[in-house]
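The structure appears right after this line, and notes come after that.
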2 protein chains.
Amino acid sequence: MSTLRMSRPYHHGDLRTALLDAALQAVEAGGHATLSLRDLAQGLGVSHAAPYRHFANRQALLAAVAATGFARLAEAWLAAWQGAGTTGAGPTDTGPAARLRVAARAYIGFATERPGLFRLMFQGPPPPGAEAAFAGLQATVAAALPGAPEATVKARTIAMWSAMHGFAWLCLEHRIRPAMLGPLAPGAMLEAVLDAALGPQG
Amino acid sequence: MSTLRMSRPYHHGDLRTALLDAALQAVEAGGHATLSLRDLAQGLGVSHAAPYRHFANRQALLAAVAATGFARLAEAWLAAWQGAGTTGAGPTDTGPAARLRVAARAYIGFATERPGLFRLMFQGPPPPGAEAAFAGLQATVAAALPGAPEATVKARTIAMWSAMHGFAWLCLEHRIRPAMLGPLAPGAMLEAVLDAALGPQG
DNA sequence: TCCGCAATGTTGACATTGCCAACTCGAAAC
DNA sequence: GTTTCGAGTTGGCAATGTCAACATTGCGGA
């Protein structure tokens with residue numbers, strides 16, 4: 001029975017997505033290590049066991065968050081890649097290598113702007129959607145290497161992914177910091193990594 | 001008083017290093033996320049609060065483990081680099097790029113052979129010793145680029161570190177798996193990453 | 001040699017947390 | 001209107017990190 005007046009309805013309405021949203025926010029704010037299911041539930045005005053009606057356990061919730069992270073990353077990647085290719089067909093049209101470079105900056109930007117989410121995405125068992133990430137990457141790399149054999153495309157994809165992912169991670173975790181760079185500007189080191197991964201002609 | 005006979009001595013002797021050893025083993029076996037101070041203490045035949053006499057908290061113990069990990073990684077890196085340079089001065093002598101390539105393989109081998117430790121090392125606040133890792137890397141890269149300006153050396157160091165670290169991490173977390181490679185052999189993709197990071201002439 | 005002290009270890013406790021079982025509520029199907 | 005079942009609640013348990021208070025021991029100085 002409603003204890004007094006205006007008591008919250010017994011059913012939340014859409015607790016599942018509310019949990020996902022709150023978890024995403026918590027992961028971005030404090031990292032997945034400190035996320036507490038009970039905190040989440042309390043924040044949503046719901047009892048401490050309610051989350052278990054929608055997620056088998058903490059790990060399942062985190063996996064779902066990671067999956068949405070992969071969707072957003074793929075979105076950002078593709079948007080950057082497509083955006084870089086729609087500058088008209090004139091002589092200033094962006095070549096395929098330059099488009100890849102723009103996309104790579106989006107990848108690294110995503111990582112540094114959402115470090116908590118990015119860390120979660122690339123830790124532990126791959127969540128659903130992580131698999132498609134490689135396929136999307138490979139498709140854009142293939143577009144930059146028309147006519148190349150599949151093995152070459154895969155090799156270049158892995159090389160590029162490794163370079164930009166490693167750089168993103170090392171920046172994220174402050175293993176690479178501007179202080180250690182001396183004369184090298186932060187932007188320049190990003191370009192150096194991309195030069196090595198894509199060739200300086202990009 | 002000793003409850004009966006042969007009771008363990010009240011003082012452990014060297015609990016600090018015993019804790020470090022046990023923690024290292026636990027991290028390599030099950031990952032740092034599941035490491036429990038109480039388990040560790042029980043395994044060493046010591047009460048559950050004893051670890052707090054040597055480490056302020058769980059995080060401090062993990063940081064110490066990570067620090068020894070960095071020491072071992074630097075050791076492996078340097079050993080590979082030096083080992084690759086002592087093949088005599090004949091025409092088969094290894095060039096600087098090839099030596100870097102051997103060292104990079106050692107880096108990736110370290111990561112894949114000790115995934116739990118490697119994950120710990122590159123997560124959270126950098127432990128003492130992490131700083132020196134970059135300096136060691138840079139020294140070997142500098143040796144491969146005699147006469148190059150500092151900015152170039154730093155740029156190449158970061159590019160190489162990013163590539164090999166990213167590749168190691170993605171393999172570690174099974175984001176890169178042999179199954180997704182198709183015609184590309186596992187060894188070949190490693191070489192492709194190193195080609196991109198070092199130039200194919202290495 | 002004896003005493004005191006600081007380092008090291010122990011016991012007990014507390015709060016937090018993930019997770020489970022049993023129960024309840026209420027909306028939708030029949 | 002009755003039934004049913006998904007969704008939420010209460011209560012509890014075990015594990016864990018951490019702290020406070022106490023115990024033990026070895027070592028250095030009187």
Side-chain angles (χ1 to χ4, degrees), chain A residues 1-27 29-66 116 120 123-125 127, chain B residues 1-23 25-27 29-66 116 120 123-125:
Chain A
M1 83 188 63
S2 57
T3 42
L4 269 180
R5 79 194 80 184
M6 289 297 275
S7 81
R8 244 166 280 99
Y10 191 87
H11 289 94
H12 178 280
D14 197 0
L15 183 56
R16 186 189 165 86
T17 65
L19 279 168
L20 274 175
D21 285 351
L24 178 64
Q25 229 174 322
V27 162
H32 68 273
T34 69
L35 177 137
S36 149
L37 286 190
R38 288 173 107 110
D39 263 6
L40 242 53
Q42 186 174 2
L44 295 173
V46 117
S47 79
H48 63 256
Y52 289 88
R53 292 286 144 194
H54 301 276
F55 298 96
N57 50 35
R58 194 184 115 107
Q59 185 52 42
L61 173 58
L62 288 178
V65 172
L120 170 64
Q123 238 173 101
Chain B
M1 81 188 65
S2 57
T3 43
L4 268 181
R5 78 193 82 181
M6 289 298 276
S7 79
R8 241 164 282 99
Y10 193 88
H11 289 95
H12 178 281
D14 196 0
L15 183 55
R16 185 189 165 86
T17 64
L19 279 168
L20 274 175
D21 285 352
Q25 228 172 322
V27 162
H32 68 272
T34 68
L35 178 138
S36 149
L37 286 189
R38 289 174 107 111
D39 263 6
L40 242 53
Q42 184 174 4
L44 296 174
V46 118
S47 79
H48 63 257
Y52 288 89
R53 290 291 144 193
H54 300 276
F55 299 96
N57 49 34
R58 194 183 113 106
Q59 185 53 41
L61 172 58
L62 287 178
V65 172
L120 171 65
Q123 239 173 101

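This one's a predicted model, so the numbers in the text were calculated from it and none came from an experiment. Numbers restart at 1 for each chain; the letters A, B, ... are given by sequence-line order, proteins then strands.
Annotation for A:Ser47 and A:Ala41: closest pair O-CB, 3.3 Å, computed over non-hydrogen atoms. Between A:Ala26 and A:Leu40, the closest heavy-atom pair is CB-CD1, 4.2 Å. The minimum heavy-atom distance linking A:Val65 with A:Ala23 is given by the pair CG2-CB, 3.7 Å. Listed here is the closest heavy atom pair of B:Ala50 and B:Leu15: CB-CD2, 3.9 Å.
Applying the side-chain contact (heavy atoms from CB on, under 4.5 Å) rule to B:Ser36 yields the partners B:Arg38, B:Asp39; only residues at least two apart in sequence or on another chain are considered. A:Asp21 pairs by the side chain to side chain donor-acceptor pair (under 3.5 Å) definition with nothing, not counting sequence neighbours. With sequence neighbours left out, the side-chain contact (heavy atoms from CB on, under 4.5 Å) criterion links B:Tyr52 to B:Leu37.
Computed from coordinates, the A:Gln42 CD to D:dT9 P distance equals 12 Å when rounded to whole Å. One interatomic measurement links the two molecules: CG of A:Asn57 to C1' of C:dT17, which rounds to 14 Å at whole-angstrom precision. For A:Arg16 and D:dG8, the CZ to P distance is 12 Å, given to the nearest whole Å. Atom CZ in B:Phe55 sits about 15 Å away from atom C1' in C:dG9, given to the nearest Å. Here C:dT17 presents its C1' atom at 14 Å from CG of A:Leu62, a figure rounded to the nearest Å. B:Leu19 places its CG atom 12 Å from the P atom of D:dG17, with the value rounded to the nearest Å. The nearest whole Å value for the distance from the CG atom in B:Leu44 to the P atom in C:dT10 is 11 Å.
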Check nucleotides 14-16 of chain D for protein N or O atoms closer than 3.5 Å to its own N or O atoms and list the pairs.
none

Nucleotide N/O to protein N/O under 3.5 Å, stretch nucleotides 20-22 of chain C:
none

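Comparing C:dT10, D:dT9, D:dG8 against the side chain of B:Val46 picks out C:dT10 as the nearest.
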Output side-chain donor-acceptor pairs under 3.5 Å for residues 54-64 of chain A, partner residues at least two apart or in another chain, one line each.
residue: A:Asn57; atom: OD1; partner: A:Gln59; partner atom: N; Å: 3.2
residue: A:Asn57; atom: OD1; partner: A:Ala60; partner atom: N; Å: 2.9
residue: A:Arg58; atom: NH1; partner: A:Leu35; partner atom: O; Å: 2.4
residue: A:Arg58; atom: NH2; partner: A:His32; partner atom: O; Å: 3.2

